[in-house]
Amino acid sequence: MNYNFREIEAKWQKYWASNQTFKATNNSDSPKFYVLDMFPYPSGAGLHVGHPLGYIASDIYARYKRHKGFNVLHPMGYDSFGLPAEQYAIQTGQHPAITTDANIKRYREQLDQLGFSFDWSREVRTSDPKYYKWTQWVFIQLFNSWYNKESDKAEDIKQLISEFEKNGNSQINAVCDDDTPIFNSEEWSTFSDKKKQEILLKYRLTYLADTEVNWCPTLGTVLANDEIVNGVSERGGHPVIRKKMTQWSMRITAYAQRLLDGLETIDWPQPLKDTQTNWIGRSEGAHVEFKVKDSEHRIPVFTTRPDTIFGASFMTLAPEHDLVSKITTAEQKEAVESYVEATAKRSERDRMADVKTISGVFTGAYAEHPFTKEPIPIWIGDYVLASYGTGAVMAVPCGDQRDYDYAKHFDIPIPNIFEGVDISEEAFADKANTIIGNSDFLNGLGFKEATRKVIDELEKIGQGQGKINYRLRDAVFSRQRYWGEPFPVYYVDGMPQMIADEHLPLELPDVEKYLPTEAGDPPLGNATHWAWDRNNATVVNNDLIDNKNVFPLELNTMPGWAGSSQYFNRYMDAHNEEAIYDSEIIGYWQDVDLYIGGSEHATGHLLYSRFWQKFLFDRGIAPKDEFARKLINQGMITGTSAFVYKDMDSGKVYSKGLINGKNVIPIHADVSLVNASDELDIEAFKEWLPEYKNATFVLEDGKYIVGREVEKMSKSKYNVVNPDNICEEYGADSLRLYEMFLGPLEQSKPWNTAGITGVHSFLKKLCKLYGNIQDNAEPSAENLKTLHKTIKKVEEDIENFSFNTSVSTFMICVNELTAQKCTSKAILEPLAILVSPYAPHIAEELWEELGHQESISTAAFPKFEAQYLVENSKEYPISFNGKMRFKMELPMDMGKDEIEAAVMAHEKTIAQLNGRAPKKVIVVPGKIVNIVG
RNA sequence: GCCUUGGUGGCGGAAUUGGUAGACGCGCUGGAUUCAAAAUCCAGUUCUUUCGGGAGUGUGGGUUCGAUUCCCACCCAAGGUACCA
């Protein structure tokens with residue numbers, strides 16, 4: 001049989017689509033299995049060979065599970081809101097929806113070409129109003145919830161209101177803003193509606209707050225940390241300042257401990273769990289309040305070392321701390337203000353990355369030590385960040401290297417409060433070996449005892465208590481962008497109101513321009529038809545805003561992670577218009593059994609999704625509080641860039657072997673112009689880069705050899721390899737096999753198209769093997785042995801996600817069966833099933849060849865039988881001092897002593913020993929013989 | 001700095017609980033076939049060698065009859081993260 005992959009692949013892709021072979025049913029007697037890929041952002045560049053790596057792996061697993069009798073859910077969709085489409089819209093005026101649709105179409109073609117077993121009937125797009133209706137709906141549920149620390153879960157805000165009506169808020173143990181006032185039920189009843197709303201906002205799981213952002217006045221927009229380079233915007237190089245802005249936030253911090261605890265229950269890669277653990281950043285310590293001398297103000301700090309409180313010789317506030325302007329003395333005012341201004345120009349990342357420069361200014365004010373009542377100077381310094389802890393540090397220079405360096409730099413005293421420790425050169429931070437001295441009631445105690453004691457004392461004087469602090473901050477949920485989900489929010493008297501569920505989705509309005517308005521409002525500020533008519537529950541023209549019946553709508557949109565935080569649930573019942581999903585259906589699918597995607601989403605998507613899932617669980621909307629049992633990170637595929645070398649002196653282009661001693665610069669050459677032997681197609685290169693049309697190419701052995709280097713696969717490095725060309729030349733099955741053959745799924749590895757000929761010729765050999773199938777040919781013992789060791793290995797490999805070794809196993813199997821001239825249907829039939837998860841098109845074709853009418857996709861996976869692998873002799877490796885020197889064939893049932901006797905009698909043993917008497921002979925039957933001496 | 005992962009031929013990589021290092025594939029070399037090329041097939045391919053053998057999995061130690069695998073120290077690379085008080 002000839003391997004006509006183009007015909008075969010087109011035929012079966014068409015068959016799968018028209019027969020809906022991979023459509024999953026929402027109920028079944030079979031056990032369920034949910035295999036999920038991280039859905040892609042459909043960029044304009046299309047897929048490169050790095051993208052499908054994870055999809056191929058998950059597809060193999062999904063197909064394998066079908067062979068194993070599971071009802072498999074394997075959906076795909078698009079994370080289709082995002083910046084590139086918006087950027088393109090700004091440049092060209094083209095509506096992002098149009099660009100996005102075109103990109104999705106191209107993605108779909110590319111994905112279809114690879115033969116994935118997706119259930120496309122469940123496709124979702126985050127930018128589709130039918131989908132984002134439910135993103136908006138979850139937002140409303142969050143708005144209508146608060147976090148009850150007693151029950152340790154999110155609850156309906158109505159319960160909170162009725163508690164306020166009964167008892168006020170003094171008995172409530174809830175997660176809320178720090179500045180929430182205490183009130184009783186009578187006070188609550190006298191509050192205005194607006195005041196009530198203001199207070200409730202301090203409890204809601206999504207709320208409005210003033211948060212600091214990187215504001216670029218010239219661009220009129222907010223920038224992400226990585227859009228800022230050296231304090232100026234990456235695009236255009238405009239200045240960026242820190243600015244407060246009212247934005248929606250998510251109270252993810254309420255879930256900090258549960259997000260930490262939940263990691264114990266899920267089978268995710270340890271590095272990913274570590275990243276989340278560090279991001280949440282739990283630390284135990286104490287909250288301490290320092291009184292400011294001659295004032296009413298108090299400075300709260302969090303410290304992990306309350307035991308060292310007697311060593312505190314100064315305090316440092318973040319320059320943007322609220323108290324700075326209030327406590328600074330007249331003499332220091334100028335210096336402080338200019339320092340604060342200078343700090344505002346630095347990005348947070350910049351401030352944190354710079355460890356070497358020590359800077360700060362004295363405010364002129366003093367705090368009072370809670371126990372000694374001694375004055376403590378209050379400084380400001382940009383190493384303290386307003387968003388961490390309380391934005392203030394109790395500085396103990398003898399116990400913290402950073403405080404030590406700061407004290408040295410500004411000549412602040414460094415009192416020693418440790419017994420028997422020299423601190424003349426550096427701070428002493430070793431908790432385990434600490435004995436406190438010079439510290440009044442703490443003298444002689446170790447870290448633990450001193451900490452306990454000092455917290456007791458702080459509580460007695462009302463200036464502190466033990467506290468667990470989390471590094472995790474509430475997540476800002478507003479974006480000043482156009483191409484995102486609109487908030488279902490309008491404003492009455494400045495207070496946010498939710499649009500009722502039945503009027504969702506609130507669709508994104510059309511705008512003339514996708515840029516921020518001249519007034520500095522987000523792009524939705526350009527919309528003329530963007531006001532909410534409360535009586536008629538419709539969007540109307542802005543002119544009609546009267547703040548009585550017609551109100552302004554929210555101008556921000558939601559961030560990229562909004563749409564991806566619950567899509568895995570929505571796939572289960574993707575087109576339900578009545579509910580986010582049917583409870584019976586999610587009751588059947590429950591959660592994701594296997595999730596495959598990149599580790600770069602560790603602290604974004606994967607943390608936020610866990611948060612949303614826990615919330616949905618608390619509110620009885622989802623049955624599981626973790627959405628994915630098992631997660632695998634696929635590694636990155638790097639590109640192998642190619643370089644030509646231009647001599648800067650002569651202008652000639654030298655082959656790689658000739659560049660020594662010359663003043664050459666490497667220039668990227670497109671990898672498609674280079675063959676497997678690193679030889680450049682010079683004519684094609686000249687056509688590609690016309691400026692080299694007349695350049696002289698200096699060859700070695702008549703060839704131009706390029707230099708090679710492994711770099712990230714990227715358009716700008718001309719090392720992107722497109723799967724379309726490979727499919728065209730070798731077929732999807734070859735590409736699938738080769739991507740897996742490259743190496744372990746989770747490791748990053750370089751791409752080199754040249755190697756694909758190996759798997760391609762394997763598929764040809766496979767076809768050849770099926771050229772003369774004999775229905776009734778009895779399989780030989782050898783045939784059965786080859787088949788069953790392949791079954792065993794492939795099954796183990798798939799279960800362990802070791803797909804690369806399976807491909808080798810197939811090659812060995814086909815090589816052996818070819819050598820054995822196997823034609824037996826009893827062997828070739830199960831082999832086709834083994835291959836089918838990896839190379840599904842050819843497997844279907846061979847299956848048909850074998851006489852089947854139905855798709856191979858649900859054929860039962862062959863059963864391994866150990867009896868065929870039983871051996872009656874073993875080729876023993878004979879080692880001397882652990883080094884294998886020769887081999888010897890001996891029967892399997894031979895005893896230890898007989899083996900030893902046989903080995904010692906062998907002539908090579910005698911030669912090796914050369915007259916010496918062995919000290920010891922180790923015989924492990926069935927394994928090895930080792931002679932020592 | 002810290003956390004994580006990794007380091008094996010010219011290249012991608014294999015070696016399941018400590019038991020034959022380099023499977024499988026690419027590339028390369030030689031040969032067959034061909035007018036020639038492609039394709040295909042066969043043989044060889046860790047290094048070294050006086051052809052007996054010897055050395056060898058980042059480096060240096062250790063445990064063991066035996067270490068790519070376990071332990072200690074270090075070096076290098078990639079990714080993540082950061083004055084977290």
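Quick note: numbers below take in every heavy atom, side chains included, and nothing from hydrogens, waters or symmetry partners. Residue numbers begin at 1 in each chain, while the letters A, B, ... track the order of the sequences.
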Tell me which nucleotide among B/rA85, B/rU81, B/rC26 gets nearest to the side chain of A/Thr757. B/rC26

From NZ of A/Lys927 across to P of B/rU20 the rounded distance in Å is 9 Å

Which value, in whole Å, describes the distance between the C1' atoms of nucleotides B/rC11 and B/rU17? 32 Å

Using a 4.0 Å heavy-atom cut-off across all strands, classify A/Pro269 as base, sugar-phosphate, or nothing. nothing

Just call it for A/Asp403: base, sugar-phosphate, or nothing, with non-hydrogen atoms closer than 4.0 Å on any strand. nothing

Can you tell me how far P of B/rU5 sits from CD of A/Gln270, to the nearest Å? 8 Å

Where the chi angle of B/rG18 falls, syn if within 90° of 0 and anti if not: anti

Calculate the interatomic distance between A/Leu737 atom CG and B/rG12 atom C1'; express it in whole Å. 15 Å

Select from A/Ile928 and A/Lys792 the residue whose nearest nucleotide in RNA chain B is closer to the 5' end of that strand. A/Lys792

Quick one: are the ring centres of A/His760 and A/Tyr738 less than 6.0 Å apart? no

The test is side chain to side chain donor-acceptor pair (under 3.5 Å); show your working for A/Ser283 and A/Asn469 and say whether it passes. CA-CA 5 Å; A/Ser283 53; A/Asn469 196 54; 4.6 Å; no

Distance between the C1' atoms of B/rC24 and B/rA36, in whole angstroms? 33 Å

Quick check on RNA chain B: between A/Thr275 and A/Ser808, whose nearest nucleotide comes earlier from the 5' end? A/Ser808

Separation of B/rC26 atom C1' from A/Tyr738 atom OH, nearest Å, is 7 Å

Write down the partner of B/rU5 under the Watson-Crick or G-U wobble criteria, each distance required to be under 3.5 Å. B/rA77

Does A/Asn815 reach a base, just sugar-phosphate, or nothing at all? Heavy atoms under 4.0 Å. sugar-phosphate

B/rA39 and B/rC28: how far apart are their P atoms, nearest whole angstrom? 11 Å

Parallel, tilted or perpendicular: which fits the ring planes of A/Phe314 and A/Tyr406, with parallel below 30° and perpendicular above 60°? parallel

Spacing of the C1' atoms in B/rU63 and B/rC72 (rounded, Å): 11 Å

Using a strict cut-off of less than 4.0 Å between a Lys/Arg side-chain nitrogen and an Asp/Glu carboxylate oxygen, indicate whether A/Glu284 and A/Arg282 qualify as a salt bridge. yes

Value in whole Å for how far the C1' atom of B/rU16 lies from CZ of A/Phe801: 16 Å

Under the salt bridge (Lys or Arg N to Asp or Glu O under 4.0 Å) criterion, do A/Lys896 and A/Glu900 qualify, and how do the steps go? CA-CA 6 Å; A/Lys896 235 175 157 173; A/Glu900 184 173 338; over 6 Å; no

Starting at atom CZ of A/Phe741, determine the distance to atom C1' of B/rG13, rounded to an integer number of angstrom. 8 Å

Picking from B/rC24, B/rA15, B/rG6, the nucleotide nearest the side-chain atoms of A/Lys793 would be B/rA15

Distance, P atom - from B/rG10 to B/rU4, rounded to whole angstrom: 32 Å

Is the NZ atom of A/Lys273 crowded by more than 12 outside heavy atoms at less than 6.0 Å? yes

Between B/rA82 (P) and A/Arg471 (CZ): distance, integer Å: 6 Å

Would you classify A/Asn930 as touching base, sugar-phosphate or nothing, given that sugar-phosphate means primed atoms plus P, OP1 and OP2, and contacts are heavy atoms under 4.0 Å? base

Quick one: sort the A/Tyr838 and A/Phe803 rings into parallel, tilted or perpendicular, breaks at 30° and 60°. perpendicular

Taking B/rU59 as the reference, what is the distance to B/rU64 when you measure between their P atoms (whole Å, please)? 23 Å

Can you tell me how far C1' in B/rU16 sits from the matching atom in B/rA21, rounded to whole Å? 16 Å

Choose from B/rU20, B/rU16, B/rG25 the nucleotide whose nearest atom is closest to any side-chain atom of A/Glu796. B/rU16

Can you tell me the distance, in whole Å, between the NE2 atom of A/His601 and the P atom of B/rU81? 12 Å

Provide the distance between the two P atoms, one in B/rU48 and one in B/rG9, to the nearest whole Å. 14 Å

Ignoring the backbone of A/Val924, work out which of B/rU40, B/rG19, B/rA55 is nearest its side chain. B/rG19

